[in-house]
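Written out below as structure tokens is the structure these notes cover.
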Amino acid sequence: MFMNLRSIGQFPSYRPRRLRQSAVMRRLVSETQLSAAQLVLPLFVRSGRKLRKAINAMPGVFQLSLDELLIEATQAHEAGVPAVLLFGIPDRKDAKASGAYAAKGIVQQAVRLLKKELPTLLVITDVCLCEYMEHGHCGIVHKTKSGAKILNDPSLKLLVQTAVSHADAGADIVAPSDMMDGRVRAIRELLDQRGFEETPILSYAAKFASAFYGPFREAAESTPQFGDRRSYQMDAGNAAEALREVALDIQEGADMVMVKPALAYLDILYRVKAEFGYPTATYAVSAEHAMIKAAAANGWIDERAVTLESLLAMRRAGADIIITYAATDAARWLSGK
Ligand SMILES: [Zn+2]
């Protein structure tokens with residue numbers, strides 16, 4: 001970027017407004033583009049038929065049975081959204097997260113269905129244990145007299161099995177979101193051993209312990225039954241540590257990295273993209289969606305304009321890929337449909 005003020009024009013020879021005169025002129029010099037090709041739609045799947053269970057604080061987002069999931073994914077695909085990100089809600093939870101890596105688990109079934117019916121839609125799977133654990137934490141819990149600990153290395157074994165079971169079902173990309181140390185390397189090693197060396201890893205590399213996840217926990221039924229996630233997710237004030245987290249995941253074999261949440265963490269996103277230059281994703285999380293929806297429902301903001309401006313801001317900050325609950329709407333708006 002320019003640093004030398006003498007190298008840029010001065011008023012009145014330089015008048016920035018000259019290039020803002022008309023829409024076509026503004027488009028000509030526009031620095032940042034937003035397109036449907038960069039959007040990913042998160043979807044929640046559970047067992048049942050013709051089921052669309054509304055989520056309280058996430059208007060327009062549902063827990064879907066497989067048949068309804070296919071309808072929702074088809075609509076997104078037809079609108080120009082290239083990828084979906086799957087989360088599963090199992091019928092039963094236990095202390096080993098068995099549903100996460102069951103060959104016929106709900107996500108594994110959903111992947112098979114989507115890859116069969118919509119082969120050109122990219123299917124990304126969220127790899128975590130919290131939806132499948134009876135306690136709602138992202139790893140194995142060891143209870144002690146003074147409280148509970150989330151065990152790191154023993155949890156890796158379950159995460160690795162989960163990732164491989166997703167790849168085996170046909171997932172195009174696996175996306176570990178647990179924030180255990182060393183999980184990208186462990187997943188990469190077993191994927192390679194099992195013949196999935198072509199399956200990319202999108203790591204939730206800098207995932208912050210955030211109050212913006214509130215509505216999601218109802219959607220994924222993954223609220224921790226005790227404690228919180230601050231012993232594994234990042235502290236909101238830490239930017240240098242976020243860069244170290246991203247560096248670690250890249251060294252361990254991540255093909256793409258993610259910063260989560262999005263709008264409140266654009267500085268992190270900018271630094272990650274500038275520092276590493278890797279394909280970088282961000283996740284506009286549930287409360288970001290809920291706040292726009294709530295204000296729009298009150299007539300306080302223009303939903304379409306605020307949504308598109310927010311997504312453009314994420315692009316400007318460095319996001320190549322944006323995971324957003326508004327993906328289908330935004331894709332339609334961008335194409336003028
Ligand atoms: Zn989790």
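Just so you know, ligand 1 is whichever comes first in the structure, and atom 1 is the first atom listed for that ligand.
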Practice task
Indicate whether the side chain of Thr199 and that of His166 have a donor and an acceptor atom separated by less than 3.5 Å.
Solution key: no

Exercise for the section: Mind checking how many protein N/O/S atoms fall short of 2.8 Å from the Zn ion (ligand 1)? Expected result: 3

Practice task
Fit a plane to each ring of Tyr232 and His137, take the angle between them on a 0 to 90° scale, and name the class: parallel (under 30°), tilted (30 to 60°) or perpendicular (over 60°).
Solution key: perpendicular

Handout entry: Lys/Arg N to Asp/Glu carboxylate O, Asp91 vs Arg46, below 4.0 Å
Key = no

Practice task
Would you mind reporting whether Val160 and Ile187 have side-chain heavy atoms less than 4.5 Å apart?
Solution key: yes

Problem - Salt bridge flag under 4.0 Å for residues Arg271 and Asp267 - result: no

Practice task
Check the angle between the aromatic planes of Phe216 and Phe87 and answer parallel, tilted or perpendicular using the 30° and 60° thresholds.
Solution key: perpendicular

